[in-house]
Amino acid sequence: AQSVTQLGSHVSVSEGALVLLRCNYSSSVPPYLFWYVQYPNQGLQLLLKYTSAATLVKGINGFEAEFKKSETSFHLTKPSAHMSDAAEYFCAVCGYNAGNMLTFGGGTRLMVKP
Amino acid sequence: EPEVTQTPSHQVTQMGQEVILRCVPISNHLYFYWYRQILGQKVEFLVSFYNNEISEKSEIFDDQFSVERPDGSNFTLKIRSTKLEDSAMYFCASSEMGQVTETQYFGPGTRLLVL
């Protein structure tokens, strides 16, 4: 079985501040981890994914995430928030030998203050 | 850039009615998926589909649900007799080969409201 927990359903940062969105996973098999972003009235768009190569993964729009097996975490960061980063962010896990279904966390809505 | 499209964007229906949600996956993709998100809850997997057959399905995907690829481009989700609890945003997704490391590309969703 696999699951994902995203701490903080809402996160608010000031423009230019560090963005940190937390994701912890539980998986009985080596996990593959994904971050998706959803802008208003749009579908889920892939930001980045971890597929067992480098543990530090760089994605689009300046985001990156680090896979830490010891902490079962895959937190998403961006050094400097931009107003256009305001959106909902979803962490998801897909487990090898567990099929190709994505299991999502509850989502974190990021608000960016001017 | 190719994208997954879904129609309609919104649908309102009466309890007990049948609804069909439509999706056009990315043209060279072979695996198709439906997910749903009830308001305030997580995005949940419903079903995956490959080679005109269901590949996997979740417990949610009971006999009231069915999927079909009626032609070379559309992928549909049918709910035979809608219940109030079927009200949700339904997302279609597609991927090239269905590998666990592949990106699943999502459509914008259909918001279904059952009254």
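In the text below, chain A, chain B and the rest are named by the order of the sequence lines, each starting its count at 1.
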How far apart are the closest heavy atoms of [X] and [Y], and which atoms are they?
| X | Y | value |
| --- | --- | --- |
| Glu102(B) | Phe34(A) | O-CE2, 3.7 Å |
| Tyr36(A) | Gln104(B) | OH-O, 2.8 Å |
| Glu56(B) | Met101(A) | OE2-N, 4.1 Å |

Does [X] [atom1] have over 12 foreign heavy atoms under 6.0 Å away?
| X | atom1 | answer |
| --- | --- | --- |
| Arg69(B) | CZ | yes |
| Met97(B) | CE | no |
| Asp63(B) | CG | no |

Exercise. Could you name the residues of residues 32-53 of chain B that have a heavy atom within less than 4.5 Å of a heavy atom in chain A?
Worked result: Tyr33(B), Tyr35(B), Gln37(B), Lys42(B), Val43(B), Phe45(B), Ser48(B)

Seminar exercise, completed: For residues 105-115 of chain B against chain A, heavy atoms under 4.5 Å, the residues are Phe106(B), Gly107(B), Pro108(B)

Exercise. Given the options Leu44(A), Thr103(A), Thr51(A), Leu46(A), which has more heavy-atom pairs under 4.5 Å with chain B than any of the others?
Worked result: Leu44(A)

Problem set entry | Which portion of Gln38(A) sits near chain B, non-hydrogen atoms under 4.5 angstrom | side chain

Is it possible for you to say whether [X] and [Y] belong to one hydrophobic cluster, with membership spreading through side-chain heavy-atom contacts below 4.5 Å?
| X | Y | value |
| --- | --- | --- |
| Phe75(B) | Val4(B) | no |
| Ile60(A) | Leu76(A) | yes |
| Leu56(A) | Leu33(A) | no |
| Phe90(A) | Leu20(A) | no |
| Met15(B) | Leu21(B) | yes |

Exercise. Among all residues two or more places apart in sequence or in another chain, which pass the salt bridge (Lys or Arg N to Asp or Glu O under 4.0 Å) test with Lys83(B)?
Worked result: none

Exercise. Considering residues at least two apart in sequence or located in another chain, which fulfil the salt bridge (Lys or Arg N to Asp or Glu O under 4.0 Å) criterion with Glu64(A)?
Worked result: Lys58(A)

Exercise. Roughly how far, to the nearest 0.5 Å, is the OG1 atom of Thr103(B) from the CG atom of Leu48(A)?
Worked result: 10.0 Å

